[in-house]
Amino acid sequence: MSESTQPLSERSPDELAAFLAAQEAAYADLKAQGLKLDLTRGKPASSQLDLSDALLALPTSATDAHGVDTRNYGGLEGIRQLREMFAELLAVETEQLVAGGNSSLVMMREVLTDLWLKGGVDSERPWGQEEKVTFICPVPGYDRHFTLLDWFGIDTVTVPMNDDGPDAEAVARLAASDPSIKGMWIVPTYANPTGSVCSQEVAERLASMPTAAPDFKILWDNAYAFHHLTAAEAKSADILSLASAAGNPHRPIVFASTSKITYAGAGVAFLAGSVETVQWYTSHLGKGAIGPDKLNQLRHAEFFGSAQGVRDHMVKHREIIAPKFAEVDRILTERLGGLGVATWTKPTGGYFVSLDVLDGTAARVVALAKEAGVALTPAGASFPRGEDPDDRNIRLAPTFPSPADVTGAMEAVTTCVLLAAAEKLTA
Ligand code: PLP
């Protein structure tokens, strides 16, 4: 083993002191560069948005394939032409799918609001009338899921997110034992931020497990369903069929959108569930809307042409972003590999890399990076209330910066990881 790859934990105090001095010098050089880089934003690069610019000249006619004049009011559930396409992609029946506005996160907030005010199709009373409502949160997870729960005053209990999805044993134990536990979040495919893909077995367990709350909900946020980084495309578990077969048809509510397929600000969002859930959702939606932006839906239907059109389009995204993920992994491996100071995910899809540094150093790494001009997502962001109990996890988002900026930012991040580790081990 060369000296440079010997784990830090095996080095003598003198060797560690020398290592710390070297990292301090490297960090001083880094700061002198006056960088201004940003790895916080899980959003598409402009070159990805350019892939969809044909949308700007569509639709060619305002009448959809079923003769609906999309310029007018009506059709709360969205235009059939686009719902058929995404029903095929999401492996659900068209009747089980709603096409809505530009944000699936808004749909999630609407669903929680409806549960809170009215209760679900299988609820005894509105959730807002319960003494306490608790949600199971796989961690690390998506920060906005957690802030949404906070906003409702919903308590959280965390379970580990494994490579094959949430720890199903832990989820089943919690859900069976406490009637205040009304639901769970899951990003089933290429999870934010770990890249985990929920296996059919884990999904089956979640769909069929006994729950103390009769109206337990799985909020299945399939935001990255088609966002593959390799040719081996993961297939999402078929949660609606699994739940239906287990006698719990109203348990899952599925969300997806084209935010990272076409335009992040002007795409189309989708909700799927049992036919009763879809009626429940649209009946509430109808209190505040007479119909969605069907013109934008038609524009998308024309642009893709078919479900295969969506798949082909996603290959173009992959060609742009896969090299950025490869660069992140190359730099992490070359600079941190073997030192025993970090582990990281190697996602095969999605938008993030999840980096675990030495316990107790994540916040320090983020602060060091900030001082050197590199913005990282705040440490702890992937945990409820922003509190990572181990102060270990950092979410990296390499899609938005240019390839050169990804390289510069990752070299800086690894310098900060090494300095923070050296500081800790010599303290
Ligand atoms: N769900 C997850 C897991 C996300 O990572 C994001 C965006 O980062 C969203 C939902 C937002 O989706 P939308 O743009 O459809 O509101």
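Starting from 1, each residue takes its place in the sequence as its number. Each ligand, and each atom within it, is numbered from 1 in the order the structure gives.
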(message) Give the atom numbers and elements of ligand 1 that come within less than 4.0 Å of a heavy atom of K260.
(response) 6 (C), 7 (C), 8 (O)
(request) Show which atoms of ligand 1 fall inside a sub-4.0 Å distance from at least one heavy-atom site of S103. (result) 15 (O), 16 (O)
(message) If the cut-off is 4.0 Å to any non-hydrogen atom of V187, which atoms of ligand 1 fall inside it?
(response) 3 (C)
(request) May I ask you to identify the nearest protein heavy atom to atom 9 (C) of ligand 1, giving residue, atom name and distance to one decimal place in Å? (result) Y142 OH, 3.4 Å
(message) Between ligand 1 and Y351, can you find any atom pair, the residue atom being a heavy atom, that is separated by under 4.0 Å?
(response) no
(request) Find all atoms of ligand 1 within a distance of less than 4.0 Å from any non-hydrogen atom belonging to S259, and give their numbers and elements. (result) 13 (P), 14 (O), 15 (O)
(request) Quick one: look up the protein heavy atom nearest atom 5 (O) of ligand 1 and list residue, atom name and how far away it is. (result) Y224 OH, 2.6 Å
(request) Starting from atom 12 (O) of ligand 1, find the nearest protein heavy-atom neighbour and note its residue, name and distance. (result) S104 OG, 3.2 Å
(message) Looking at D356, is its backbone amide N or carbonyl O close enough to the side chain of N393 to form a donor-acceptor pair, meaning the two atoms are under 3.5 Å apart?
(response) no
(message) Check this for me - ligand 1, L105, N or O atoms closer than 3.5 angstrom, yes or no?
(response) yes
(message) I'd like the name of whichever of N192, V106, T189, D221 reaches closest to atom 1 (N) of ligand 1 through any heavy atom.
(response) D221
(request) Decide whether H313 and S52 meet the rule of one side-chain donor and one side-chain acceptor closer than 3.5 Å. (result) yes
(request) Report the relative orientation of the aromatic rings in H284 and W280; use parallel for angles under 30°, tilted for 30 to 60°, perpendicular for over 60°. (result) perpendicular
(request) Could you tell me whether some N/O pair between H145 and ligand 1 is separated by less than 3.5 angstrom? (result) no
(message) Under 4.0 Å from a heavy atom of S257: which atoms of ligand 1 are those, numbered in the order shown and with their elements?
(response) 13 (P), 15 (O)
(message) Looking at R330 and E334, is there a salt bridge between them, counting it only when a charged N and a carboxylate O are closer than 4.0 Å?
(response) yes
(request) Would you check if there is a donor-acceptor pair between the side chains of T156 and R385 at a distance under 3.5 Å? (result) yes
(request) Would you check if there is a donor-acceptor pair between the side chains of H228 and T348 at a distance under 3.5 Å? (result) no
(message) I'd like to know if the side chain of S236 pairs up with that of N222 as donor and acceptor (distance under 3.5 Å, no hydrogens or angles considered).
(response) yes
(message) Is the ring pair F270/F86 parallel, tilted or perpendicular, if the boundaries are 30 and 60 degrees?
(response) parallel
